[in-house]
Structures are given as C-alpha cells and as structure tokens.
Visitor: 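Just passing along the structure, written as structure tokens.
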Amino acid sequence: MPKIKNVCVFCGSNHGYDPDFLKQTNALGEYLAANNHPVVYGGGKEGLMGAIAKSTMDAGGEVIGIIPTFLSEMGLAETNVTTLLETSTMDERKDEMLRQSDAFIVLPGGFGTFEEFTTMLSWSQINVHQKPIALFNINHYFDELVAMMQKCCDQGFAPQENMDLFIDAASIDEIFEGFATFHHQLPYKYTN
Ligand code: AMP
C-alpha cells in the first residue's frame, strides 16, 4: 500500500440529528491535523463539511477545498482554508478530489455524500484508481447501505470480493488500521 498523505473527506452539508456526527467529525479533523494529513474536501462551509474544515484548520492542519463555481457564487464556500480551488462542474470537482487524494473517508451525509462514495467505489472496481475508501460508520449510520451492497453481491450484481474495496469502520483507529492493511485486489467484475 503506497503511503497515504492527503485524505479526502466526503460528508453531509447538514449536521444530521445525532450529536455524535459532529463530535466525531471534529475528532477526525483534529486527528488528521495531528497526523499531518492534509484534508481534501468539497469546500463548503455548511454542516459536517464546514466542521471538518474548521476542526482541521483550528488544530493547525491543512485543508484543500474544491468547490464548483456555481456553489461558491451562492456563498456556500468556506474561505478559511489553506487552498480553495474552483471547478466548472461537479464532475470536474470529483476528478480533482480523486487526483489530489490518497485515500477517502466517508462521514454521515445525504444524497450528495452517497453519490461521492459510490462514485469512488465504482471507479475502484473498474481500476480507475486503487485508493482505499473508508465508511466512518458512526453509530451504525451506514448499516443499511452496507446491507444493500451485500444484497447486491448476493443477487449477482457484484463479486463478493468487491466488498473488500471499502472499509466499514466504527472508529478513527479502525479507519487507519484498514488503510494500513488495504490491498486493492480486483476479481473478474462480472459474476456470470
Ligand atoms: P449531502 O450529503 O447531500 O449534504 O451533500 C454533500 C455533498 O454534496 C458535498 O460533498 C458536495 O459535493 C455537495 N454539496 C451539497 N451541498 C453543498 C454545499 N452547501 N456546499 C458545498 N457542497 C455541497
């Protein structure tokens, strides 16, 4: 596994109702700053997105925000970051987030977060990248999503081995243990 420097964090543009979501997001920002992992994220100031940027910056870390111009023009960008990059489209933003990152952590979030997770996972399973992806499954938030993905394997839409392309982690320690032992291995994608 190549060394992990920049870590991309995908997360909600809302805080969600469980106070542990914000608490653990702040803990992650502090951890990433303390361990010299620059944070790449979607550049927003709202919700958990704003929290990961603020907690990392407040702890002396580095934050690279990548936001499409149309969201920035709506006043949604967090300007207190080390670097703020603008892209023309949402798709260009995701390409740039992939280019700038060595690993992905997915925090609780909404449809946008699910889309970012499944994009990076689906690109991993066709070898567009080989980077580790961790779901930070705070208080079982992602259990139903993981169960749906298992059903997808059970029903023949993905090989079982593809469940190993992401780490289902309940804590920050589990995320980084998973990153340390991650090995990108692809079976033949088609089940029949
Ligand atoms: P969601 O999980 O639906 O809240 O969406 C989070 C993701 O969608 C972010 O990572 C962004 O890609 C995008 N997004 C949605 N709302 C915003 C916002 N207010 N500022 C920046 N990005 C946003």
Side-chain angles (χ1 to χ4, degrees), residues 1-18 20-21 24-25 27-28 31-32 37 39-42 47-49 52 66 89-192:
M1 175 67 220
K3 193 168 157 31
I4 291 171
K5 178 80 174 156
N6 290 15
V7 173
C8 181
V9 178
F10 294 129
C11 57
S13 55
N14 287 286
H15 288 107
Y17 296 139
D18 183 339
D20 282 347
F21 298 156
Q24 293 293 336
T25 299
L28 180 65
Y31 178 95
L32 293 170
H37 291 296
V39 172
V40 175
Y41 89 114
L48 298 184
M49 297 181 76
I52 192 70
I66 307 178
T89 65
M90 293 290 278
D91 283 343
E92 268 181 38
R93 174 210 237 176
K94 251 182 325 193
D95 284 340
E96 190 60 22
M97 291 171 104
L98 171 60
R99 216 176 58 75
Q100 298 246 2
S101 308
D102 304 306
F104 300 92
I105 298 175
V106 184
L107 288 167
F111 299 165
T113 303
F114 297 161
E115 188 265 346
E116 290 163 336
F117 167 58
T118 52
T119 296
M120 291 309 162
L121 186 61
S122 64
W123 288 357
S124 174
Q125 71 171 1
I126 51 173
N127 220 13
V128 173
H129 73 85
Q130 301 77 32
K131 302 173 184 183
I133 303 166
L135 284 179
F136 190 176
N137 196 355
I138 300 166
N139 293 347
H140 302 278
Y141 179 72
F142 288 116
D143 282 1
E144 290 82 2
L145 180 62
V146 174
M148 184 65 219
M149 292 164 74
Q150 182 56 55
K151 180 175 178 180
C152 165
C153 296
D154 295 343
Q155 296 282 328
F157 288 105
Q160 183 62 41
E161 292 94 322
N162 285 13
M163 291 295 277
D164 297 334
L165 293 175
F166 71 95
I167 299 144
D168 179 5
S171 66
I172 296 172
D173 283 348
E174 273 184 42
I175 293 171
F176 281 86
E177 282 160 22
F179 283 170
T181 55
F182 179 77
H183 179 58
H184 187 266
Q185 200 164 10
L186 282 183
Y188 186 60
K189 180 179 183 309
Y190 303 101
T191 54
N192 52 28

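A quick note: this is a predicted structure, and the numbers were derived from the prediction, not measured.
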Visitor: So that I can tick it off, tell me whether Glu96 and Arg93 are bridged by a salt bridge, with the cut-off set at under 4.0 angstrom between side-chain N and carboxylate O.
Guide: no
Visitor: I need the Asn6 CG to Arg99 CZ distance, nearest 0.5 Å.
Guide: 11.0 Å
Visitor: In Å and rounded to the nearest 0.5 Å, what is the CG to OG1 distance from Leu145 to Thr118?
Guide: 8.0 Å
Visitor: Distance-only criterion, 3.5 Å: show the donor-acceptor pairs between side-chain atoms of residues 168-179 and protein atoms not counting sequence neighbours.
Guide:
| unit_1 | atom_1 | unit_2 | atom_2 | d |
| --- | --- | --- | --- | --- |
| Asp168 | OD1 | Asn137 | ND2 | 3.0 |
| Ser171 | OG | Glu174 | N | 3.1 |
| Glu174 | OE1 | Ala170 | N | 3.1 |

Visitor: Under 3.5 Å, sequence neighbours excluded: what are the donor-acceptor pairs made by side chains of residues 148-157?
Guide:
| unit_1 | atom_1 | unit_2 | atom_2 | d |
| --- | --- | --- | --- | --- |
| Gln150 | OE1 | Gln160 | NE2 | 3.1 |
| Gln150 | NE2 | Asp154 | OD1 | 2.8 |
| Gln150 | NE2 | Gln160 | OE1 | 2.8 |

Visitor: Would you mind reporting whether Phe142 and Phe114 have side-chain heavy atoms less than 4.5 Å apart?
Guide: yes
Visitor: Determine, step by step, whether Leu121 and Leu165 satisfy the side-chain contact (heavy atoms from CB on, under 4.5 Å) criterion, reporting the C-alpha distance in whole Å, the side-chain angles of both residues, the deciding distance to 0.1 Å, and the verdict.
Guide: CA-CA 7 Å; Leu121 186 61; Leu165 293 175; 3.8 Å; yes
Visitor: Run the ring pair (Phe, Tyr, Trp, His ring centres under 6.0 Å) test against Phe104 and tell me which residues pass, sequence neighbours left out.
Guide: Phe10, His129
Visitor: Please identify each residue that fulfils side-chain hydrogen bond (donor to acceptor under 3.5 Å, both in side chains) with Ser124, with sequence neighbours left out.
Guide: His184
Visitor: Using ring pair (Phe, Tyr, Trp, His ring centres under 6.0 Å) as the criterion, list what pairs up with Phe166, not counting sequence neighbours.
Guide: Phe117
Visitor: For a quick test of reading the model, state the closest non-hydrogen atom pair linking Met97 to Cys8 and the distance between them.
Guide: CE-SG, 3.9 Å
Visitor: In chain order, what residues pass the salt bridge (Lys or Arg N to Asp or Glu O under 4.0 Å) check against Glu92, with sequence neighbours excluded?
Guide: none
Visitor: Any side-chain heavy-atom pair from Asp18 and Tyr141 closer than 4.5 angstrom?
Guide: no
Visitor: Tell me, do Ile138 and Leu107 make a side-chain contact under 4.5 Å, heavy atoms counted?
Guide: yes
Visitor: For Asp95, what residues pass the side-chain hydrogen bond (donor to acceptor under 3.5 Å, both in side chains) criterion, not counting sequence neighbours?
Guide: none
Visitor: Let me confirm one number: the NZ-CD distance from Lys5 to Gln100, rounded to the nearest 0.5 Å.
Guide: 13.0 Å
Visitor: Is there a side-chain contact (heavy atoms from CB on, under 4.5 Å) between Met120 and Leu98? Walk through the geometry before answering.
Guide: CA-CA 8 Å; Met120 291 309 162; Leu98 171 60; 4.0 Å; yes
Visitor: Sub-3.5 Å donor-acceptor pair from the side chain of Thr113 to the main-chain atoms of Cys11, do we have one?
Guide: yes
Visitor: Nearest 0.5 Å please: distance from the CD atom of Gln24 over to the CG atom of Asn139.
Guide: 7.5 Å
Visitor: For Asp91, enumerate each residue passing the side chain to side chain contact (heavy atoms under 4.5 Å, CB included) test, keeping only those at least two apart in sequence or located in another chain.
Guide: Thr89, Lys94
Visitor: Step by step, work out the side-chain contact (heavy atoms from CB on, under 4.5 Å) result for Met163 and Val146.
Guide: CA-CA 9 Å; Met163 291 295 277; Val146 174; 4.2 Å; yes
Visitor: Please report the interatomic distance CG(Leu186) to CG(Asn162), rounded to the nearest 0.5 Å.
Guide: 6.5 Å
Visitor: Restricting to side-chain hydrogen bond (donor to acceptor under 3.5 Å, both in side chains), what partner residues turn up for Glu161, sequence neighbours left out?
Guide: none
Visitor: State which residues pass side chain to side chain contact (heavy atoms under 4.5 Å, CB included) with Asn14; sequence neighbours excluded, sorted by chain then number.
Guide: none
Visitor: Assess the residue pair His37 and Ile4 against the criterion (side-chain contact (heavy atoms from CB on, under 4.5 Å)); give the C-alpha distance rounded to whole Å, side-chain angles, the decisive distance to 0.1 Å, and a yes or no.
Guide: CA-CA 8 Å; His37 291 296; Ile4 291 171; 4.2 Å; yes
Visitor: Nearest 0.5 Å, please: how far is CD1 in Ile133 from CD1 in Ile105?
Guide: 11.5 Å
Visitor: Are any non-hydrogen side-chain atoms of Ile52 and Leu48 less than 4.5 angstrom apart?
Guide: no
